[in-house]
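The structure appears below as structure tokens.
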Amino acid sequence: METSDDKLPRATAARHRPPWWFTVPAALLTLVVLFTVAGRFGLVSGWGDLFGEETRDRSGPALLQSIQDLSRYEGAAGSYQIVVDLEKDAKFLPDALRGTRTLYVAAGTVGAYVDLGKAGPEDVTVNEERTSAVIRLPHAVLGAPALDPQRSYAVSKQRGLLDRLGDLFSDNPNDERAVQRLAAQRIGEAAGESGLTGRAERNTTAMLKGLLGSLGFRQVTVTYG
């Protein structure tokens, strides 16, 4: 026969026992974590495939939007790399609360070309014997910088508390378009200072002299203006 003293410990234990709606999910969560760790480190054969990631490409076909006939001769191309440090601050708010700073390594190429299509009949002079030719072409210009996504990456990103909260409700969190635009601008400026257009003009001149020389021209003069 149980006494009141025997019922007291049981009542106390029941009072401190976690409810079933807490115990069951906690046990399931523990099992999932154990299975994931076992699959991640290969503790049990076969579990790695069970919990591994699978990538599916559901992209649609590429749509042709336009075709352009080009008459450009790209006489030179340069490869550049730059480290961009972009910081955005908010007035009257500390950086820990509002502000971003991104350190980005950008790699890209810039081509320099001569638009041969802009040369008209009046820009080409040939003597009667077809042994001498004078060609006038426009100056070489730089193409748009093209960033290489395989060699461009963010080294670090620092964001304030409000910016991190905003990322939770953003369709494109941690957007890097601003730093990529700045990187492309800096690469374009570096290309302009590296003498790329001058090299493109020299290479275009050499190409035309070689081409016309094979056609029997002994003297070929190419000018730019």
Side-chain angles (χ1 to χ4, degrees), residues 59 61-88 100-157 172 174-225:
S59 305
L63 300 178
L64 177 62
Q65 293 184 336
S66 64
I67 295 179
Q68 294 179 344
D69 294 328
L70 300 180
S71 56
R72 301 174 176 178
Y73 178 75
E74 186 170 295
S79 179
Y80 304 88
Q81 187 177 62
I82 186 173
V83 178
V84 177
D85 188 352
L86 181 61
E87 183 177 4
K88 294 183 178 181
T100 62
R101 183 177 181 181
T102 304
L103 193 64
Y104 190 82
V105 175
T109 58
V110 179
Y113 64 89
V114 176
D115 194 348
L116 303 178
K118 291 185 176 181
E122 67 280 2
D123 296 318
V124 180
T125 304
V126 179
N127 64 349
E128 295 182 357
E129 294 79 13
R130 297 184 61 83
T131 58
S132 175
V134 178
I135 303 173
R136 184 176 62 185
L137 296 174
H139 283 293
V141 295
L142 295 176
L147 293 182
D148 185 355
Q150 301 296 330
R151 298 189 297 127
S152 302
Y153 55 93
V155 178
S156 66
K157 299 178 182 179
N172 190 14
N174 304 330
D175 191 2
E176 294 179 351
R177 285 178 294 184
V179 70
Q180 289 174 352
R181 285 194 296 265
L182 181 58
Q185 177 184 343
R186 294 289 183 263
I187 288 178
E189 293 171 354
E193 298 173 356
S194 61
L196 200 62
T197 54
R199 180 182 290 270
E201 291 180 0
R202 291 192 296 271
N203 291 339
T204 302
T205 299
M207 182 274 295
L208 291 175
K209 287 185 176 181
L211 177 62
L212 295 179
S214 64
L215 298 177
F217 288 84
R218 294 192 296 268
Q219 182 178 359
V220 178
T221 302
V222 181
T223 61
Y224 297 88

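We use all heavy atoms of the structure for the numbers below, so side chains are in, but hydrogens, waters and symmetry mates are not.
A pairwise comparison of heavy atoms in D123 and K118 identifies OD2-O, 4.0 Å as the closest pair. Scanning both residues, P145 and I187, for their nearest heavy atoms gives CB-CG2, 4.2 Å. In this structure, S79 and R151 approach most closely via the heavy-atom pair OG-NH2, 3.6 Å. Here the closest non-hydrogen pair linking R136 and A119 is O-CB, 3.9 Å. Counting all heavy atoms, side chain and backbone alike, L212 lies closest to A133 at CD1-CB, 4.3 Å.
Side chains of S194 and Y80 form a contact here, defined as non-hydrogen atoms less than 4.5 Å apart. Side-chain contact between Y104 and L86 is absent, with no heavy atoms from C-beta onward closer than 4.5 Å. Contact annotation: the side chain of D115 never approaches that of V141 to less than 4.5 Å [non-hydrogen atoms, C-beta and beyond]. In this structure, the side chains of L137 and L208 come closer than 4.5 Å at one or more pairs of heavy atoms. Using a 4.5 Å cut-off on side-chain heavy atoms (C-beta onward), V114 and Y224 make contact.
A donor-acceptor pair under 3.5 Å is formed between the side chain of S152 and the backbone N or O of A107. Using a distance-only test at 3.5 Å, with no hydrogens or angles considered, no donor-acceptor pair links the side chain of N203 to the main chain of A200.
Separating the CD atom in Q185 from the CD atom in E189 is a distance of 5.0 Å, to the nearest 0.5 Å. With rounding to the nearest 0.5 angstrom, the CD1 atom of I82 is 10.5 Å from the CG atom of L147. With values rounded to the nearest 0.5 angstrom, T223 atom OG1 is found 10.0 Å from E201 atom CD. The CG atom of L116 sits 9.0 Å away from atom CD1 of I135, with the distance rounded to the nearest 0.5 Å. Note that OG1 of T204 is 13.0 Å distant from CZ of R72, once rounded to the nearest 0.5 Å. L215 contributes atom CG, which lies 8.0 Å from atom CZ of R130 (distance to the nearest 0.5 angstrom).
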Under the side chain to side chain contact (heavy atoms under 4.5 Å, CB included) criterion, do D148 and T109 qualify, and how do the steps go?
CA-CA 8 Å; D148 185 355; T109 58; over 6 Å; no
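Annotation: side-chain hydrogen bond (donor to acceptor under 3.5 Å, both in side chains) contacts of Q219 (sequence neighbours excluded): none.
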